[in-house]
Amino acid sequence: MLQVNYIRDNREQVLERLAVKNFKQPALVDEIIQLDDKRRQTQTSLDNVSAEANVAAKQIGELMRAGKKDEAEVLKSKTGTWKEDIKALGEQLSTIEEELYQKQVLLPNLPHSSVPKGLTPEENEVVLESGAMPHLPANALPHWELAAKYNLIDFELGVKITGAGFPVYKNKGAKLQRALINYFIDEAEKAGFSEVSVPLMVNEASGFGTSQLPDKEGQMYYVGLDNLYLIPTAEVPITNLYRDVILKADELPVKNCGHTPCFRREAGSYGAHVRGLNRLHQFDKVEIVQIAHPDNSYALLEEMVSHVQGLLQKLGLPYRVLRLCGGDMGFGSALTYDLETWSAAQQRWLEVSSVSNFETFQSNRLKLRFRNAEGKTQLAHTLNGSALALPRIVATILENYQTENGIKVPEVLVPYTKFEWID
RNA sequence: GGUGAGGUGCCUGAGAGGCCGAAAGGAUCAGUUUGCUAAACUGACGUACGGGAAACUGUACCGAGGGUUCGAAUCCCUCCCUCACCGCCA
């Protein structure tokens, strides 16, 4: 959520930035400013009436104590209109505030100046490509066939016990999951992210904090009986750890990482592109989260991208880094890098990580602040990224490392899997 | 699920209709003192939204929302949450 004061002070710039995100309702900006004017006027009137009433109430108290009942009664008789005014103005104010909030949440975050214009994924900017493309045997298989061939993943069993999109990992497939999780966590810790293990369900307030609510509730699994949501990403519980917190400047940056399963309903997308592990309702992910000082959040964003690149390099997977264009970016992000690995058997790029700087968009809702050099509270910047999401990494490893004799486990993972071949 | 207790500032905790944005202690910060560490003393120290160049100032906030009253942290109602014990249980 953008701050109203920022919108007021930077109207032109806000409009210009929103255009980069192809925002369709620029009129909202002026509506918000006008509503805020109204809000201020109403509040000032309310404050003034309240001030008068407060003074009178105090005087009445003093008169009563002094035994001057008659004078007190005279004052009392005057309070009626104030009460009415206070009530009316109070109601007006909450109506205006509610209206303002409803409009405010419709504005997406402003894209960073480096964000390219564009509408579709094709217009994302390829920042770099790295790693050699693998040469696969002539009869190379896609990962879902490899998973069946080597008895690693059972999609049908998952359908039986839960439904489509909930695979059962078996044998070396299950062990590979654990190996990747531990490897990613260890690497994140080496990079300075301290591990947290958090609940997989969150309450409504947390959903609002990272703005999955109120708009995207359809994407989350909801436990109505207890009014809890299954997390779509560890970003939600980890970032909400710092909801309503005022940090000291020297506590920044806060760096956390954590592994969780992620649950996404992702209704309405079927077909070849979602076969196998390409899109699931439940998957494992290691997430990295930072809370940063606004002055260096972009440097930290680059660091996070480098960290994720390092993982892909060490796993020996060809990858590319994309800077998302305005139209493809998430609602709350100011700058997003997607990292994709090349799936050799499917002959296409698979998104395995998304690293974003939200600037103050989340922290404004979270009331996540720090005390700046002047001793004043200021909103911190929040950043997060996948490091990494497992399923597509598993898919790419299976496909790219397949040989006539089986699938070779990437070297860095062998200490974790304790086997070198899947065969 | 049952029963009981309770939600006050960074923490502990007082507060029972006006003198309460809130005692006291701790923590933190600044200063004084001190050979170091420690201690002592003095002072500062909530958040948000307005107004003001600033000093400062108005309003709101004691879990949330309503109500009673000239006046509510304090009384009444509804809801939410937490804790303890019992039951069940990994």
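These numbers were taken from a predicted model, which means no experiment stands behind them. Just so it is clear: chains get the letters A, B, ... in the order the sequence lines come, proteins before strands, and each one is counted from 1.
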(message) Using a strict threshold of under 4.0 Å (side-chain N to carboxylate O), is an ion pair present between A/Glu84 and A/Lys87?
(response) no

(request) Any strand is fair game: report the nucleotide pairing with B/A48 by Watson-Crick or G-U wobble, both distances under 3.5 Å, or none. (result) B/U59

(request) Without swapping roles, check the side chain of A/Asn372 against the backbone of A/Ala249 for a donor-acceptor pair under 3.5 Å. (result) no

(request) Tell me which of A/Ala56 and A/Gln43 sits closer to the 5' end of RNA chain B, going by the nucleotide each one is nearest to. (result) A/Gln43

(message) Taking pairing as Watson-Crick or G-U wobble with both contacts under 3.5 Å, can you name the mate of B/C36, or confirm there isn't one?
(response) none

(message) Can a donor-acceptor pair be found, under 3.5 Å and without considering hydrogens, that links the side chain of A/Asn364 to the backbone of A/Met1?
(response) yes

(request) Examine distances only and state if a side-chain atom of A/Lys314 and a backbone atom of A/Glu411 form a donor-acceptor pair shorter than 3.5 Å. (result) no

(message) For A/Ser354, is there any backbone N or O sitting under 3.5 Å from a side-chain donor or acceptor partner on A/Ser386?
(response) yes

(message) A/Arg40 vs A/Asp36, test: salt bridge (Lys or Arg N to Asp or Glu O under 4.0 Å). Steps then yes/no.
(response) CA-CA 6 Å; A/Arg40 287 179 185 214; A/Asp36 191 53; 3.3 Å; yes

(request) Assign A/Ser77 to base, sugar-phosphate, or nothing according to its heavy-atom contacts below 4.0 angstrom with the strands shown. (result) nothing

(message) Any strand counts, and the cut-off is 3.5 Å on both contacts for Watson-Crick or G-U wobble. Which nucleotide pairs with B/A5?
(response) B/U82

(message) Distance check, C1' atoms only: B/G46 and B/U28, in whole angstrom units.
(response) 13 Å

(message) Classify A/Asp36 by what it touches in the nucleic acid, base, sugar-phosphate, or nothing, heavy-atom distance under 4.0 Å.
(response) nothing

(message) Strictly by Watson-Crick or wobble contacts shorter than 3.5 Å, is anything paired with B/A27, and which nucleotide is it?
(response) none

(request) With sequence neighbours excluded, give me every ring pair (Phe, Tyr, Trp, His ring centres under 6.0 Å) pair touching residues 156-177 of chain A. (result) A/Phe166-A/His281

(request) Under a 3.5 Å limit for both distances, which nucleotide forms a Watson-Crick or G-U wobble pair with B/G18, could you say? (result) B/C70

(request) Could you tell me whether A/Ile60 contacts a base, only the sugar-phosphate backbone, or nothing, with contacts defined as non-hydrogen atoms closer than 4.0 Å? (result) base

(message) With rounding to the closest Å, how many angstrom separate the C1' atoms on B/A14 and B/G7?
(response) 15 Å

(request) If a pair satisfies ring pair (Phe, Tyr, Trp, His ring centres under 6.0 Å) and one of its residues is in residues 87-115 of chain A, list it, with sequence neighbours excluded. (result) A/His112-A/Tyr298

(message) Suppose you measure atom C1' in B/G17 against the same atom in B/U74; what distance do you get, rounded to whole Å?
(response) 7 Å

(message) In whole Å, measure the gap between the P atoms of B/U82 and B/A73 for me.
(response) 26 Å

(message) Please check: side-chain N/O of A/Gln362 versus main-chain N/O of A/Gly209, any donor-acceptor pairing under 3.5 Å?
(response) no

(message) Let me spell it out: for each of A/Lys76 and A/Arg39, pick the nucleotide of RNA chain B with the closest heavy atom. Which residue's pick is nearer the 5' end?
(response) A/Arg39

(request) For RNA chain B, determine which residues of residues 79-99 of chain A have any heavy atom closer than 4.0 angstrom to one of its atoms, and list them numerically. (result) A/Thr79, A/Lys83, A/Lys87

(message) Would you measure the distance from the P atom in B/C11 across to the matching atom in B/G63 and give it in whole Å?
(response) 13 Å

(message) Checking base pairs now: Watson-Crick or wobble, both atom distances under 3.5 Å. What partners B/C88?
(response) none

(message) Does anything in residues 46-55 of chain A come within less than 4.0 Å of RNA chain B? Heavy atoms only, and list the residues if so.
(response) A/Asp47, A/Ser50, A/Ala51, A/Asn54

(request) Any chance you could lay out the side chain to side chain donor-acceptor pair (under 3.5 Å) test for A/Asn227 and A/Tyr222, step after step, and finish with the verdict? (result) CA-CA 7 Å; A/Asn227 197 217; A/Tyr222 174 56; 2.6 Å; yes

(message) Roughly how many Å apart are B/G21 and B/U78, using the P atom of each and rounding to a whole number?
(response) 29 Å

(request) Taking heavy atoms of chain A and a 4.0 Å limit, find me the 5'-most and 3'-most nucleotide of RNA chain B within that range. (result) B/G18 to B/G71

(message) Measuring only the P atom in each nucleotide, how far is B/A72 from B/C61? A whole number of Å is fine.
(response) 8 Å

(request) Consider only side-chain N and O atoms of A/Arg243 and A/Ser206, and report whether a donor and an acceptor are under 3.5 Å apart. (result) yes

(request) Output every pair passing ring pair (Phe, Tyr, Trp, His ring centres under 6.0 Å) with a member in residues 174-201 of chain A, not counting sequence neighbours, ordered by first then second residue. (result) A/Tyr183-A/Tyr416

(message) Would you measure the distance from the P atom in B/C56 across to the matching atom in B/C45 and give it in whole Å?
(response) 10 Å

(message) I want to check something: taking the side chain as every heavy atom from C-beta on, are A/Lys76 and A/Glu73 in contact at a cut-off of under 4.5 Å?
(response) yes

